[in-house]
S.K.: 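A single structure is presented below for examination.
Read the numbers this way: they start at 1 and go in the same order the structure lists the ligands and their atoms. Just so we're clear, the structure is a prediction, and the values are computed from it rather than from any experiment.
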Amino acid sequence: MTLFTKKNALISASLLLLLGGCGGSSSEDTNTVSVPDSSTDSGDTDGSGDSGNACENPVSALPPIFLEFNTSPNVTATLSEDGCFVTIEANGRPNHTSSYWDAGNASGLYVEAEDPELFNQRRSPGDIEDYNNLFQLTVPIEPELAQTPSATPLGAIGIAISGAPIFNDSEGNGDVSLGVIQGFDRNGAHTGPSTYHYHLEPAAISYDDDKLVGIMSDGFFIYGRRDYETGEYPTDVDASNGHVGLTPYTGTSSEDAVYHYHISPEQYLNGENYLIFPGDFQGTPNGVN
Ligand SMILES: [Zn+2]
Ligand SMILES: [Zn+2]
């Protein structure tokens, strides 16, 4: 009886420790992020009498960059009523060709793989048509950098302008391997447990250029390998391949510079493979649900 209780106590103590270990760091992150928010709010309320504004500079119309998402029939971006948040909804299907569309080509978007024999050996099971998803991501109109970066989870970590989700550099069982890459379509993507998704530079959206690729769960946009300002691969980037600079959607003055990510220009596994997002979130992830 005593032994049983002791054991129980030990178990609950270690459970508590475990819980404290996991939850503690993330809730600390959230706290440190929200502190500067509330202090700037109270210091600069714009005097409109709307003391409940959820952000400092609400907007009255969807910023043009979000309209890029609405060019795909598979994505919708909507501004919240208070002008502080944008919700992006996507069905997970790309608006471009892929070898993962059903080969019967009812979609009109099926293309044969570059190396059909290898693809058929390595491809993931399932066609794009097999999955019905609704991915939702709500981001603040002015996302802020977090005090501490946070690791990306498995699954959707961002939404591309095509309508398909962005995944990190891992599969459920480890890093994306050469064998996995051999099963990708020409857009660095394959089908997964529940959705078609990108791991590498999606050539149909961006190929060695500065085009908008999508939005990450922390609200920051991601562009192709090249920087808009220099036309070169950016060299002033942080560990997540992000930096503050101008983009095709900002003004041209240095004050218009915003934080954004680029696809990694580093060759992955010694081939022409460029991981979309191998780093951590530098902002606060909002989650793609
Ligand atoms: Zn995958
Ligand atoms: Zn840039």
S.K.: Considering the Zn ion (ligand 2), could you give the total of protein N/O/S atoms lying closer than 2.8 Å?
M.R.: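 For the Zn ion (ligand 2), protein nitrogen, oxygen or sulfur atoms under 2.8 Å: 4.
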S.K.: Using a distance-only test with no angle check, is there a side-chain donor-acceptor pair under 3.5 angstrom linking N168 and H199?
M.R.: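 The answer is no; no qualifying pair exists.
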S.K.: Does some side-chain heavy atom of V176 sit less than 4.5 Å from a side-chain heavy atom of S170?
M.R.: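 S170 does not reach V176 side chain to side chain.
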S.K.: Decide, yes or no, whether a salt bridge links D209 with R226 under the criterion of side-chain N to carboxylate O below 4.0 Å.
M.R.: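 Salt bridge absent between D209 and R226.
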S.K.: For the residue pair Y261 and F220, does the interplanar ring angle fall in the parallel (under 30°), tilted (30 to 60°) or perpendicular (over 60°) class?
M.R.: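 Ring orientation, 0 to 90° scale: perpendicular.
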S.K.: Does Y207 have more than 12 heavy atoms from other residues, nucleotides or ligands lying within 6.0 Å of its OH?
M.R.: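 No, the 6.0 Å shell around OH holds no more than 12 heavy atoms from other groups.
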S.K.: Name all pairs fulfilling the side chain to side chain donor-acceptor pair (under 3.5 Å) condition that reach into residues 59-73, sequence neighbours left out, sorted by first residue then second.
M.R.: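 For residues 59-73, and leaving out neighbouring residues, the side chain to side chain donor-acceptor pair (under 3.5 Å) pairs sorted by first residue read E68-Y249.
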S.K.: With 2.8 Å as the threshold, which protein atoms of type N, O or S lie near the Zn ion (ligand 1)? Leave waters out.
M.R.: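 As for protein N, O or S atoms lying under 2.8 Å from the Zn ion (ligand 1), they are E171 OE2, H190 NE2, H197 NE2, H199 NE2.
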S.K.: Any side-chain donor paired with an acceptor under 3.5 Å for T250 and D256?
M.R.: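 No pair is found: no donor N or O on one side chain lies under 3.5 Å from an acceptor on the other.
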S.K.: Assign the ring pair Y198 / H96 to parallel, tilted or perpendicular, where the plane angle (0 to 90°) is split at 30° and 60°.
M.R.: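 Tilted, since the angle between the ring planes falls between 30° and 60°.
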S.K.: Apply ring pair (Phe, Tyr, Trp, His ring centres under 6.0 Å) to F69 and list each qualifying residue two or more places apart in sequence or on a separate chain.
M.R.: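 Scan of F69 (ring pair (Phe, Tyr, Trp, His ring centres under 6.0 Å), adjacent residues dropped) gives none.
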